[in-house]
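Notes for the one structure printed next.
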Protein chains: 2
Amino acid sequence: MALSIAELIADRIDTMPASERRAAQTLIASYPMIGLKTVADFSMQAGVSSPTILRFVSRLGFQNYPEFQSALQDELAAQLQSPLSRTASPSSHGRGEASPMLEATLENIRETFRHVSEKQMREIVMLLSNPRAKTFLIGGRFTDPVARYMAAHLTIIRPNVFHLTGQESNWRDQLIDMGKRDVLLIFDIRRYQDSLVRFAEKAHQRGVQIVLFTDQWLSPIARFARHVIAGRTAVPSPWDSSSALFVVAEALIGEITRELEAESARRIREMEDLR
Amino acid sequence: MALSIAELIADRIDTMPASERRAAQTLIASYPMIGLKTVADFSMQAGVSSPTILRFVSRLGFQNYPEFQSALQDELAAQLQSPLSRTASPSSHGRGEASPMLEATLENIRETFRHVSEKQMREIVMLLSNPRAKTFLIGGRFTDPVARYMAAHLTIIRPNVFHLTGQESNWRDQLIDMGKRDVLLIFDIRRYQDSLVRFAEKAHQRGVQIVLFTDQWLSPIARFARHVIAGRTAVPSPWDSSSALFVVAEALIGEITRELEAESARRIREMEDLR
DNA sequence: GAGGCGCCGTATCGTATGTTACGTATTTTG
DNA sequence: CAAAATACGTAACATACGATACGGCGCCTC
């Protein structure tokens, strides 16, 4: 990666004229917040004129002020996504660090849960805890196994759970049985599948309540969804990670099971009898 | 203390109309970066119109968009200055801790990796990176989705990957094609399935190399297995957790992909051409 | 099935913002 | 010390940004 803007400034600050240097120091002092405000704010804070600010960012190599701001934002975003501080592991354990893949995954899971409110969880649990409303599950190329995993559990604790499998035309035939009270749980991460989007749209038109598990960039299906879980998927690997979504799915399964405890206990007993 | 904007959103998101909710979710998904950009950027990202964004921030209680942005920036600034006190819980857990379910899962994952040696990982990677040796995958009632997940990826990067599905008699018929060079990857956690054990034994007799993903109490299949990954599965939930095994699976997928990079790159290109 | 209500996007408007031209001040150089 | 070059701010400008008015559409109610 190229130098951070802070480094860039440190690098060139002594080639700058006095006023621009003041701008630089002002930015460094409260890095990077003042750079996200307007040129006027920046100039006022630094005690110089607007054009000086613009000449300053120009000297840093940016074509214009918005470009400079975008760079700052990108830097911030990267910084927020990888809180390096968390290494905490006692290095006495022979192996100093765990694999970056593992760390990234753990952080993804944490971050994903951070963005899911309890209320949201509860509402989804409620939605999926109504045994009289049919629940359909489906996923994309790589995420369908997660849908299957959820379906495998839900099927046990309540009736009316259906995992949609096979060809697209097959799903569509199931639409006829979906109504306003029913729930469709979709897993869709990049690259989002057209077939799923089409299906979600049709279901939405029938009034089906859609719960979407997607990545942080949100599948277009979010448009039709009543609830959206946005999981972090970025890992140092050629593939995106579905681990965070998997863990969320497990958490949901647990809570739904508790919610249905009374009713499902009898059901499970009956099932075992049937063997 | 005033509520953070993320909390504010979680609080009111269900009183919002569909489009505004979409804006809210988009913001939460990549919090808070998109909120620092222009209304046009924000609206485009969320797939709604500019006025919807403005109505959204208005509903949050801000007089205008710049005021909203300033609030976001203030929050960011506070967060950056005290990197330790990352506002951790938008979910007002009262106790200020994340859910026990989440913590247990994270700990399980860590612990699982701690017990997997690097050499073991490398050997499994090697075993699964030989495209000329057939690789069969199968799992139990709840773990088969994880097997499917792995199969979905492996199928893309190399030939001769088969997920064993359907009835037990069906698997057995596949035995005929398994030999000493081939690999059978089995997922089996409590309660261990007899059918899997039987199958593993038969495969073992044919000299098939078995890689077993199980829980910390080890499925009886461990007896036949060349490599055993023992994942932690205990969580405060009525069910056991497969998250740790899932993460290990993902880690393996990543490393195998890298291992086969050269060969699989061409394969993937060919595949995309076939669409 | 008709009427009413709320949601949401299109199009338009005013303005705040970044940008540029230019003139004055300051420093540098021979 | 004079003259040139550079630095810097004032002021005018254009763009793009946020804000708003309006109309259509879907949804619920009766």
Side-chain angles (χ1 to χ4, degrees), chain A residues 5 9 12-27 32-73 179-182 200-210 220 222-226, chain B residues 5 12-27 32-73:
Chain A
I5 296 178
I9 292 172
R12 308 196 183 174
I13 193 169
D14 22 72
T15 74
M16 293 180 189
S19 282
E20 292 183 33
R21 194 172 307 168
R22 276 187 79 182
Q25 277 158 349
T26 306
L27 176 58
M33 298 316 297
I34 189 63
L36 299 178
K37 300 203 188 287
T38 68
V39 172
D41 288 342
F42 194 168
S43 69
M44 199 159 306
Q45 181 92 10
V48 299
S49 68
S50 309
T52 299
I53 299 298
L54 295 176
R55 282 188 285 262
F56 163 65
V57 303
S58 157
R59 192 182 302 261
L60 290 178
F62 298 99
Q63 291 297 324
N64 49 32
Y65 195 71
E67 184 181 303
F68 162 72
Q69 286 191 317
S70 289
L72 275 181
Q73 289 186 6
K180 288 203 187 93
R181 303 181 47 86
D182 301 328
E201 183 168 10
K202 295 223 179 63
H204 175 67
Q205 282 165 4
R206 292 188 60 90
V208 178
Q209 313 227 50
I210 296 182
R223 193 191 163 81
F224 313 119
R226 178 94 181 70
Chain B
I5 295 179
R12 309 196 183 175
I13 192 168
D14 25 72
T15 74
M16 294 181 188
S19 281
E20 292 181 33
R21 191 173 310 158
R22 192 152 183 235
Q25 273 153 354
T26 307
L27 176 58
M33 297 317 293
I34 188 65
L36 299 178
K37 302 207 188 288
T38 69
V39 171
D41 287 341
F42 193 166
S43 69
M44 199 159 303
Q45 179 94 12
V48 299
S49 68
S50 314
T52 298
I53 300 298
L54 296 175
R55 281 187 286 261
F56 163 67
V57 304
S58 157
R59 191 180 302 261
L60 291 179
F62 298 99
Q63 292 297 327
N64 48 34
Y65 195 72
E67 184 181 305
F68 162 73
Q69 286 190 317
S70 291
L72 275 181
Q73 288 184 7

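Lettering of chains follows the sequences in order, A, B, ..., and the numbering in each one begins at 1.
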Report the residue (A:Thr15 or B:Val57) whose heavy-atom-nearest nucleotide on DNA chain D is the more 5′ of the two. A:Thr15

Between [atom2] of [N] and [atom1] of [X], the distance in whole Å:
X: A:His204; N: D:dG26; atom1: NE2; atom2: P; result: 12 Å
X: B:Arg55; N: D:dA21; atom1: CZ; atom2: P; result: 12 Å
X: A:Phe62; N: C:dT19; atom1: CZ; atom2: C1'; result: 18 Å
X: A:Glu67; N: C:dT17; atom1: CD; atom2: P; result: 21 Å
X: B:Glu20; N: C:dG6; atom1: CD; atom2: P; result: 14 Å
X: B:Gln69; N: D:dA19; atom1: CD; atom2: C1'; result: 14 Å
X: A:Met16; N: D:dT6; atom1: CE; atom2: C1'; result: 16 Å
X: A:Met44; N: C:dT17; atom1: CE; atom2: C1'; result: 13 Å

Using a heavy-atom cut-off of under 4.0 Å over every strand shown, decide if A:Pro51 touches base, sugar-phosphate, or nothing. base

Taking only the side-chain heavy atoms of [X] (C-beta and beyond), determine which of [options] contains the nearest atom.
X: A:Val39; options: D:dC8, D:dA19, C:dG18; answer: C:dG18
X: B:Val48; options: C:dC8, D:dA19, C:dG9; answer: C:dG9
X: A:Ser49; options: C:dG9, D:dG9, C:dT19; answer: D:dG9
X: B:Tyr65; options: D:dG9, C:dT19, D:dA19; answer: D:dA19
X: A:Thr38; options: D:dC8, C:dT17, D:dT10; answer: C:dT17
X: A:Leu54; options: C:dC8, C:dT19, D:dG18; answer: C:dT19

Position toward the 5' end of DNA chain C (nearest nucleotide), B:Thr52 or B:Pro66: B:Thr52

Judged by each residue's nearest nucleotide on DNA chain C, which is more toward the 5′ side, A:Asn64 or B:Pro17? B:Pro17

Using a cut-off of strictly less than 4.0 Å, decide whether B:Ser19 has a side-chain nitrogen or oxygen near OP1 or OP2 of C:dC8. yes

Establish, with yes or no, whether the OP1 or OP2 oxygen of C:dG9 is under 4.0 angstrom from a side-chain nitrogen or oxygen of B:Ser50. no

Do the side chain of B:Gln69 and the main chain of B:Gly35 share a donor and acceptor less than 3.5 angstrom apart? yes

Give the minimum heavy-atom separation between [X] and [Y], together with the two atoms involved.
X: B:Ala24; Y: B:Ile13; result: CB-CD1, 3.9 Å
X: A:Tyr65; Y: A:Ile34; result: OH-O, 4.3 Å
X: B:Thr52; Y: B:Ser19; result: CG2-CB, 3.7 Å

May I ask you to check whether over 12 heavy atoms, not counting those of A:Arg206, lie within 6.0 Å of atom CZ? yes

